[in-house]
Engineer: 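Handing you a structure now.
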Protein chains: 2
Amino acid sequence: MDGKFESYFKAAVSVDNVVFGFDHTGLKVLLIYRGADPYRNCWALPGDLISLDTNLIDSAEKVLQDLTGLEEIYMEQIHTFGKVDRHPYGRVFTVAYFALIKIEDYHLHPSSWAEEAAWFPISEIPDLPFDHNEILAFAKEQLKSKIRRQPIGFELLPKHFTLTELQSLYESILETEFDVRNFRKKILSMDFISDTGLKQTSVTHRPAKLYKYNAKRYSNLINTGFAFDL
Amino acid sequence: MDGKFESYFKAAVSVDNVVFGFDHTGLKVLLIYRGADPYRNCWALPGDLISLDTNLIDSAEKVLQDLTGLEEIYMEQIHTFGKVDRHPYGRVFTVAYFALIKIEDYHLHPSSWAEEAAWFPISEIPDLPFDHNEILAFAKEQLKSKIRRQPIGFELLPKHFTLTELQSLYESILETEFDVRNFRKKILSMDFISDTGLKQTSVTHRPAKLYKYNAKRYSNLINTGFAFDL
DNA sequence: CGAATATATTGTAAAAAATACAATAATTAA
DNA sequence: TTAATTATTGTATTTTTTACAATATATTCG
């Protein structure tokens, strides 16, 4: 390569993760309280600059791993943001990912760059630095559209869940309501959610049956041309 | 900023465009014959390194503009590729876009970096440099999934088109076949394709009616909760 | 133990959408 | 006028979606 390319090799690339979690109060996003400049002492999306010797996806996974201590997190690249002035230190492109985690598996895992992390209800997100509010809005739309066509909702629920919980998850994310009977009919007819034979315990009313998602059955269905669509 | 960030600002970012076109022989992709290193004298996706003072989308649009001479091209970001060794000159991330153009509006528009450009049928794509075959495969899947849920197919057709052409477009992209009667019933029931009152000329058989896409009607429908799904 | 409370579970009829299927119409060319 | 070629259209059947409310199972409290 001759010198005419030099001026291009002065950009940085970061990853930013929109980490979703879900509990009985609704959909939540994990934010970190920045302990370093720029935007020290602000809530922001967890992210990091990428070292030149690290693959994109590895970098995104490492951020998540450091933050949550969890392995095998469901992640998906959503969009790359690259406005000229989005970062005060220079030209930084950021590749955004969304991640879905089981909120009850999450244990706070202090890392060197995050003083603190906390779950924020999706409807109570503060002003975020950089273009993080824009990224979050994008991620929310992506999740909404994705969850209707792929069985990824289960990533947000415990291994065993009730149909009421499942319905509530879909209702939160899609911002709509379903008829209880029709929702159950449809979900169960898809044949990849199976009864565990177990029931809820420690509830003060009729306990619900516990179900689990059967990924193997789902991929069998896909191979026969089945298309999930809620 | 202090010196500890310096090592991150040594990456380059490029854009690569997967430009789709369609005619009676099927779906096509526009490739350029590279006149400069690296990979001089290879067919490749049209793309360019991004200057530090250029926004991502502006850069992608400029590549298309220089290549086709067309304005207002339908473009959409699809994915960012960033494997460590994907570029021989250093760490280059590339943001891939797909673009849909009306193939008959396209006139070859020689640009400084492209010696030649040509349409390749989607089934006859040669080996491409970098990870361009991977990018192309990704774009094809994206187009397939997108075209079922958004009325973007019209971007590939002339302003006035026959229902047979429209059906053939969908069949090419989705790699399936539709029943003629059912396809027409469904498309026309969606109410945003209107009869122009015109007919084909210079055909040696019964001429077909010419229709046009009505974007205004489509957005009205969307606002009433309508969801396009083919 | 019975009643009150709370949530879970289930079926059916009507409407809408998807599917399967083939005859007729309009044009040019011979 | 006929042959050739493609365009256009309808209907009956099946499947899916929708709308709608009564009964079941557990706990807690008198």
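Letters go in sequence order (proteins before strands), and every chain restarts at 1. These numbers were taken from a predicted model, which means no experiment stands behind them.
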Engineer: Applying side-chain hydrogen bond (donor to acceptor under 3.5 Å, both in side chains), name anything that partners A:Asp131, two or more places apart in sequence or on another chain.
Structural biologist: A:Arg86
Engineer: OP1 or OP2 of D:dT5 sitting under 4.0 Å from any side-chain N/O of B:Thr204?
Structural biologist: no
Engineer: To the nearest angstrom, how far is B:Arg206 atom CZ from D:dA7 atom P?
Structural biologist: 9 Å
Engineer: Which part of the nucleic acid, if any, lies within contact of A:Thr162, taking any heavy atom under 4.0 Å across all strands shown: a base, the sugar-phosphate backbone alone, or nothing?
Structural biologist: nothing
Engineer: Need two values: the first and the last nucleotide of DNA chain C, 5' to 3', having an atom under 4.0 Å from any heavy-atom of chain A.
Structural biologist: C:dA6 to C:dT12
Engineer: Dump the intermediate steps for ring-ring contact (aromatic ring centres under 6.0 Å, His included) on A:Tyr211 and A:Phe161, then the final yes or no.
Structural biologist: CA-CA 5 Å; A:Tyr211 291 82; A:Phe161 51 84; 7.1 Å; no
Engineer: For B:Val203, answer base if it contacts any base atom (sugar-phosphate contacts may also be present), sugar-phosphate if it contacts only those atoms, and nothing otherwise; contact means non-hydrogen atoms under 4.0 Å.
Structural biologist: sugar-phosphate
Engineer: CD of A:Glu177 versus P of D:dA19: gap in Å, rounded?
Structural biologist: 13 Å
Engineer: Classify the ring geometry between A:Phe154 and A:Tyr213 as parallel (under 30°), tilted (30 to 60°) or perpendicular (over 60°).
Structural biologist: parallel
Engineer: Before we go on, tell me: are the rings of B:Phe130 and B:Phe81 under 6.0 Å apart, centre to centre?
Structural biologist: no
Engineer: Could you tell me the separation between the CD atom of B:Gln200 and the C1' atom of D:dT5, rounded to a whole number of Å?
Structural biologist: 12 Å
Engineer: Nearest whole Å is fine: how far is D:dA22 P from A:Arg181 CZ?
Structural biologist: 10 Å
Engineer: Nearest-Å distance, CZ (A:Phe183) to P (D:dT16)?
Structural biologist: 18 Å
Engineer: Output, in order, the C-alpha distance, side-chain angles, deciding distance and verdict of ring-ring contact (aromatic ring centres under 6.0 Å, His included) for B:Phe178 and B:Tyr170.
Structural biologist: CA-CA 9 Å; B:Phe178 296 102; B:Tyr170 277 99; 7.1 Å; no
Engineer: Pairing donors with acceptors under 3.5 angstrom, does anything connect the side chains of B:Lys199 and B:Thr196?
Structural biologist: no
Engineer: Heavy atoms under 4.0 Å, any strand shown: does A:Lys185 hit a base, just sugar-phosphate, or nothing?
Structural biologist: base
Engineer: Give the rounded distance in Å between these two atoms: CG of B:Leu198 and P of D:dA7.
Structural biologist: 17 Å
Engineer: On DNA chain C, check which nucleotide each of A:Thr164 and B:Pro207 is closest to and give me the residue with the more 5' one.
Structural biologist: A:Thr164
Engineer: Between A:His205 and A:Asp179, which is nearer to the 5' end of DNA chain D once each is assigned its nearest nucleotide?
Structural biologist: A:Asp179
Engineer: Answer yes if the side chains of B:Tyr106 and B:Glu104 hold a donor-acceptor pair under 3.5 Å, and no otherwise.
Structural biologist: no
Engineer: To the nearest Å, how far apart are B:Leu188 CG and D:dT8 P?
Structural biologist: 10 Å
